[in-house]
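Given the structure is predicted, the values throughout are model-derived calculations rather than measurements.
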Amino acid sequence: MRLRAVPVFLLIVLLAGVTASTAQQRPEVPYVPTDDRVVAEMLAVANVGKDDVLYDLGSGDGRIVITAAKKFGTRGVGVDIDPERVKEANENAVKAGVTDKVRFVQQDLFQTDFREATVVTLYLLPSVNMRLRPKLLSDLKPGTRVVSHNYDMGDWTPLKTIVITLPEDTHTVYYWIVPPPGTVR
């Protein structure tokens with residue numbers, strides 16, 4: 001009886017680990033595509049160009065990274081935790097003919113190494129932005145541009161705030177430049 005208890009215990013521990021791992025990989029943010037007019041404004045305010053490396057955290061179908069590559073020659077990386085969105089983004093990159101400039105990865109954005117970014121774009125939730133803010137400020141080089149759709153970063157004052165009124169809704173784009181270390185927490 002005692003010998004059987006050990007394998008059952010191990011099975012329970014393994015299943016608990018799989019369940020915890022799966023729970024950690026569930027998206028915290030619902031997928032809502034960014035309107036193309038908002039994408040254009042986000043890329044314009046960040047003044048993206050061919051020498052930039054853009055990371056889109058929570059990249060969904062890849063439209064921000066793909067648009068930057070097509071219109072400006074920007075290299076980019078899209079990060080999303082949802083494998084369906086990553087698959088869709090890769091298919092969209094093939095259709096757009098930009099697979100030489102972009103890549104999409106399935107990762108937890110809090111575990112992503114985005115230190116090479118010169119531009120970071122976000123369309124997350126306020127609580128996620130606030131949890132991500134310390135990583136942005138510590139990992140990104142001073143001068144890196146950060147653009148968020150609809151949600152700010154608390155008391156980190158944006159350099160620009162742009163309101164875009166579309167027939168169906170109003171959107172806000174926030175723009176920051178990462179300051180020298182220790183300036184913002």
Side-chain angles (χ1 to χ4, degrees), residues 24-125 128-129 131-133 135-153 158-160 162 164 166 171-178:
Q24 291 173 351
Q25 295 302 312
R26 296 179 72 180
E28 289 185 51
V29 178
Y31 170 60
V32 178
T34 300
D35 185 280
D36 291 334
R37 294 163 288 190
V38 176
V39 170
E41 192 64 45
M42 292 174 76
L43 297 175
V45 74
N47 194 30
V48 299
K50 65 179 177 53
D51 296 327
D52 282 312
V53 177
L54 184 148
Y55 272 67
D56 186 20
L57 305 180
S59 58
D61 65 5
R63 67 182 62 203
I64 293 175
V65 176
I66 290 168
T67 301
K70 275 187 81 159
K71 291 192 174 184
F72 305 104
T74 307
R75 291 182 300 122
V77 178
V79 179
D80 206 292
I81 203 163
D82 185 338
E84 286 302 311
R85 295 285 75 80
V86 173
K87 180 180 180 231
E88 180 183 13
N90 280 310
E91 290 168 356
N92 290 339
V94 169
K95 289 177 194 168
V98 293
T99 56
D100 60 325
K101 295 197 176 316
V102 305
R103 66 186 172 95
F104 295 93
V105 295
Q106 180 189 349
Q107 286 182 350
D108 179 330
L109 58 91
F110 291 98
Q111 304 302 315
T112 300
D113 179 356
F114 47 71
R115 290 177 291 183
E116 75 169 329
T118 58
V119 177
V120 173
T121 56
L122 317 163
Y123 187 14
L124 304 170
L125 294 174
V128 179
N129 277 8
R131 286 187 9 244
L132 185 61
R133 184 174 114 172
K135 182 172 173 57
L136 293 170
L137 291 169
S138 68
D139 290 5
L140 296 172
K141 294 177 201 86
T144 302
R145 292 152 283 158
V146 178
V147 183
S148 178
H149 176 192
N150 275 352
Y151 303 110
D152 65 15
M153 298 267 187
L159 297 173
K160 291 184 184 176
I162 301 163
I164 304 162
L166 302 176
H171 301 266
T172 305
V173 172
Y174 298 94
Y175 173 74
W176 301 266
I177 295 178
V178 174

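- By the 6.0 Å and 45° rule, Lys135 stacks over the aromatic ring of Phe114.
- Of the inter-residue distances, the one linking Leu54 atom CG with Thr118 atom OG1 reads 7.0 Å to the nearest 0.5 angstrom.
- Across all their heavy atoms, Tyr175 and Ala46 have their closest contact at CE1-CA, 3.8 Å.
- A donor-acceptor pair is defined here as one N or O able to donate and one able to accept, closer than 3.5 Å; no such pair exists between the side chain of Asp61 and the backbone of Ala89.
- Environment of CZ in Arg131: crowded, with over 12 heavy atoms of neighbouring residues, nucleotides or ligands closer than 6.0 Å.
- Closest non-hydrogen pair, Ala117 versus Leu140, comes out as CB-CD2, 4.1 Å.
- Judged by distance alone, with hydrogens and angles left aside, the side-chain atoms of Asn129 form a donor-acceptor pair with the main-chain N or O of Asp152 at under 3.5 Å.
- Closest approach of Val102 to Ala69, counting heavy atoms only: CG1-CB, 3.6 Å.
- Within the 4.5 Å cutoff, the side chain of Leu124 has heavy atoms near those of the Leu109 side chain.
- Without hydrogens or angle criteria, Lys101 side chain to Gly76 main chain gives no donor-acceptor distance under 3.5 Å.
- By the 6.0 Å contact criterion, CZ on Arg75 is open, its count of non-hydrogen atoms from other residues, nucleotides or ligands being 12 or less.
- At a threshold of 4.5 Å between non-hydrogen side-chain atoms, the residues Pro158 and Val173 do not count as touching.
- We find that Lys95 and Glu91 are not joined by a salt bridge, their nearest charged nitrogen and carboxylate oxygen being 4.0 Å or further apart.
- With Asp80 contributing its side chain and Gly60 its backbone, the two residues share a donor-acceptor pair below 3.5 Å.
- In this structure, Lys70 and Val98 approach most closely via the heavy-atom pair CG-CG1, 3.5 Å.
- The shortest distance between side-chain heavy atoms of Asn92 and Arg63 does not fall below 4.5 Å.
- Atom CG of Asp113 is separated from atom CD of Gln107 by 9.0 Å, given to the nearest 0.5 angstrom.
- Expressed to the nearest 0.5 Å, how far CD of Glu88 lies from OG of Ser59 amounts to 10.0 Å.
- Between the side chain of Thr121 and the backbone N or O of Val147, no donor-acceptor pair lies under 3.5 Å.
- Across Val65 and Val77, no two heavy atoms sit closer than the pair CG2-O, 3.8 Å.
- One distance of note links OH of Tyr174 with NE2 of His149; it measures 10.0 Å at 0.5 Å rounding.
- Looking at Asp56 and Tyr123, their side chains never bring a donor and an acceptor atom within 3.5 Å of each other.
- Nearest heavy-atom pair across Pro83 and Gln106 is CB-OE1, 3.5 Å.
- Side-chain N or O atoms of Thr74 include one that pairs as donor or acceptor with a backbone N or O of Gly49 at under 3.5 Å.
- Here the CG atom belonging to Leu166 is positioned 4.5 Å from the NE2 atom belonging to His171, to the nearest 0.5 angstrom.
- The shortest distance between side-chain heavy atoms of Met153 and Leu137 does not fall below 4.5 Å.
- Looking at Val128 and Phe110, their side chains come closer than 4.5 Å, going by heavy atoms from C-beta outward.
- In this structure, the side chains of Phe104 and Ile66 come closer than 4.5 Å at one or more pairs of heavy atoms.
- Residues Thr34 and Met42 form a side-chain contact, since some pair of their non-hydrogen atoms from C-beta on lies under 4.5 Å apart.
- Between Leu136 and Val178, every side-chain heavy-atom pair lies at or beyond the 4.5 Å cut-off.
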